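This structure is a prediction, so every number in the text was calculated from the model and none was measured.
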Protein chains: 2
Amino acid sequence: MTGGTSAESRLRADARRNADQIRRAAIGAFHGRGLTVPLEEVAKAAGVSKATIFNRFGGRIGLIEAVIEEVVAVELFAIIDRARSIEDVGERLVYYITAVRDVQYRQPAVVDTMLETYPDSPSLVRICHAGGAFNEELSAACRTAGVLRAEFKGDDLHALLHDNALALKHGSRPSRADYDRRTGFVLDGIRSSPAS
Amino acid sequence: MTGGTSAESRLRADARRNADQIRRAAIGAFHGRGLTVPLEEVAKAAGVSKATIFNRFGGRIGLIEAVIEEVVAVELFAIIDRARSIEDVGERLVYYITAVRDVQYRQPAVVDTMLETYPDSPSLVRICHAGGAFNEELSAACRTAGVLRAEFKGDDLHALLHDNALALKHGSRPSRADYDRRTGFVLDGIRSSPAS
DNA sequence: AATAAGCTGACCAGTCGAGTCAAGTTAGCG
DNA sequence: CGCTAACTTGACTCGACTGGTCAGCTTATT
C-alpha cells in the first residue's frame, strides 16, 4: 500500500490532470450555481468535453460524490458541531438558524442538498439525514428548556429551513440586508407584543 | 344592447356549448391544480380536444382571462375588503395573513396568481397589483399603530406571503394542522420569550 | 513505433407542453 | 333536403432542456 496504487493512480497522467480540473471546476460551479448546474457548463469551465466527465465520474451523481465534502459537507457539519458546543439552548437555536440561513443564502449547493434534489447520491442523503437528526435533537432540547413553545413540533424546525430553501431556489434572492432582517423576524416573530 | 349580440352570441350553438363546458372545466382544473395545469387536461375534463380551447379562447392566457374572476379574484378581493373593514389594526393583520395563507393552501391558482406566473395576462397583473398595494397599506398602518416592529419594511409582508406561495408551489403541502400551527408561528414568533 | 488509454464532437433519447393544420363533421339556413 | 360555412379534432411540429453514448481520432507510455 505504500505506492498508493489506488484507482486514481492507475490513471494516465493527462486523465488525472483532467479529473483534477473537473473537480475544481465542479466545486466552483456547484458553489456558484448549485448542484443542478448543467454538466456541459462544468466541462466548459474545466476545459474538457462533457463526455470526459462521464468517463471520469460516471455522471452527475459520481461528480457530486467526489466533491460534496468540500462543497457543502464541511461547512454544514461545522455549523452543527459549533451549535452543539453552545451551552445555552436559546443561543444554540439562534446560532443554528442564523448560520443555516446564512449558508443557504450564500451557497445554492446547500439548498439543493437540503431539498434532496438527488436522492440517488448516498453522500447527499447522508448529509440530509444528519441535518434532519440534528433538527430533531435541537428542537427537542429547546422545547424541554422552554425556549420554544410547547406546540412546536420536531418537524417544524425542519419545515422552516426547508421552506426557506424552496424560496431561495425558486424565488429571486432578496438583498442581504432584507434577508438578514427577515431571519430576525423568523426568530423573534413579527408582532412587537407576543400576547397570549 | 337588449339583444345582447356580443361576440359570444354570434357563435354556433355547439361552439357556445363547448365554450361553456371549457370554462367550467377550467374553473375546476385551475382550482384543483393551479393555473399551470396542462391545457390537455382541461380539454379532457371538458370533453373536447385541446385545439378547441385554442379556437375558443386563443390559448391559456385567454382562458385565464375568461375565468379568473370566479377562480381567484372574487375570493382575494373579498379578503381584502373584509380586512379593510376590521377596525383594530392588530386584528386586521392577523385576519389578513391567516386568510391569505388559508386561500393559498386551498387554491393553487391563488399561488400561481401571486407568483405572477403569467405576466402576459392583464387580469392577473391587475390582481397582483391590487394585492401588493394592500400589503403596503396594511403594513404601513400596522407600523404606525405599533403593531409591527419599526424595522418591518413594506416589502416584508409581501415577501412573507410570496415565500409561502413558493413553498406551497414547489414543496409538498403539509397537513392542514401543521400548516395552521405554522401560520400561528409566523404571527406570534417561535420564541416563547421574545427578548431582544 | 506500437498500443491501449483517453478524449471529443456529434449524436440520440426522453420529457413536457404549447401551438397548428388538413381533413372530416355538423349546425343552420334557404 | 342539401348545401355551406362554422366547428372540431387527431396528429403533428416545435422548442427548450439535459442526460447519456459512441465511433473515431489523439496521445501518453513503454
From A/Leu148 atom CG to A/Leu138 atom CG, the distance as rounded to the nearest 0.5 Å | 7.5 Å

N/O donor-acceptor pair, side chain B/Lys50 with base C/dG19, under 3.5 angstrom = yes

Exercise: do B/Tyr105 and B/Asn164 side chains pair donor with acceptor under 3.5 Å = no

Could you write out each protein N or O paired with an N or O of nucleotides 12-14 of chain C at a distance under 3.5 Å?
none

Rounded distance (Å) that lies between atom P of C/dT8 and atom CG of A/Asn18 | 6 Å

In whole angstrom, what separates A/Phe54's CZ from C/dG9's P?
-> 15 Å

Pairwise 5' ranking along DNA chain C for B/Pro38 and A/Ala15, keeping only the more 5' one = A/Ala15

In terms of side-chain heavy atoms, does B/Tyr96 have a donor or acceptor partner in B/Asn135 at a distance below 3.5 Å?
-> yes

Working to the nearest 0.5 Å, report the span between CZ of A/Arg17 and CG of A/Asp20.
-> 9.5 Å

In this structure, CD1 of A/Ile61 is separated from CD of A/Glu65 (nearest 0.5 Å) by 7.0 Å

For the pair A/Glu151 and B/Arg181, evaluate salt bridge (charged side-chain N to carboxylate O under 4.0 Å, His left out) and give the outcome as yes or no after the intermediate values.
-> CA-CA 8 Å; A/Glu151 325 94 89; B/Arg181 181 155 31 83; over 6 Å; no

Interatomic distance where CD belongs to B/Glu40 and P belongs to D/dA11 [whole Å] = 12 Å

Reading nucleotides 22-30 of chain D from 5' to 3' and marking B where a protein heavy atom lies under 4.0 Å of the base, S where only the sugar-phosphate is that close, and - otherwise, the string is B----BSS-

A/Arg10 CZ - C/dA4 C1' separation (whole Å) = 16 Å

Could you list by number each residue of residues 107-121 of chain B showing a heavy-atom separation from DNA chain D of less than 4.0 Å, or answer none if no residue does?
-> none

Taking atom C1' of D/dT21 as reference, at what distance in whole Å does atom CG of A/Leu39 sit?
-> 14 Å

Can you check the A/Lys44 NZ to C/dG9 P distance for me, whole Å?
-> 12 Å

Rounded to the nearest 0.5 Å, how far apart are CD1 of A/Ile64 and CG of A/Leu124?
-> 5.5 Å

Using side chain to side chain contact (heavy atoms under 4.5 Å, CB included) as the criterion, point out the one residue from A/Leu76, A/Val74, A/Ile27, A/Ile127 that pairs with A/Ile68.
-> A/Ile127

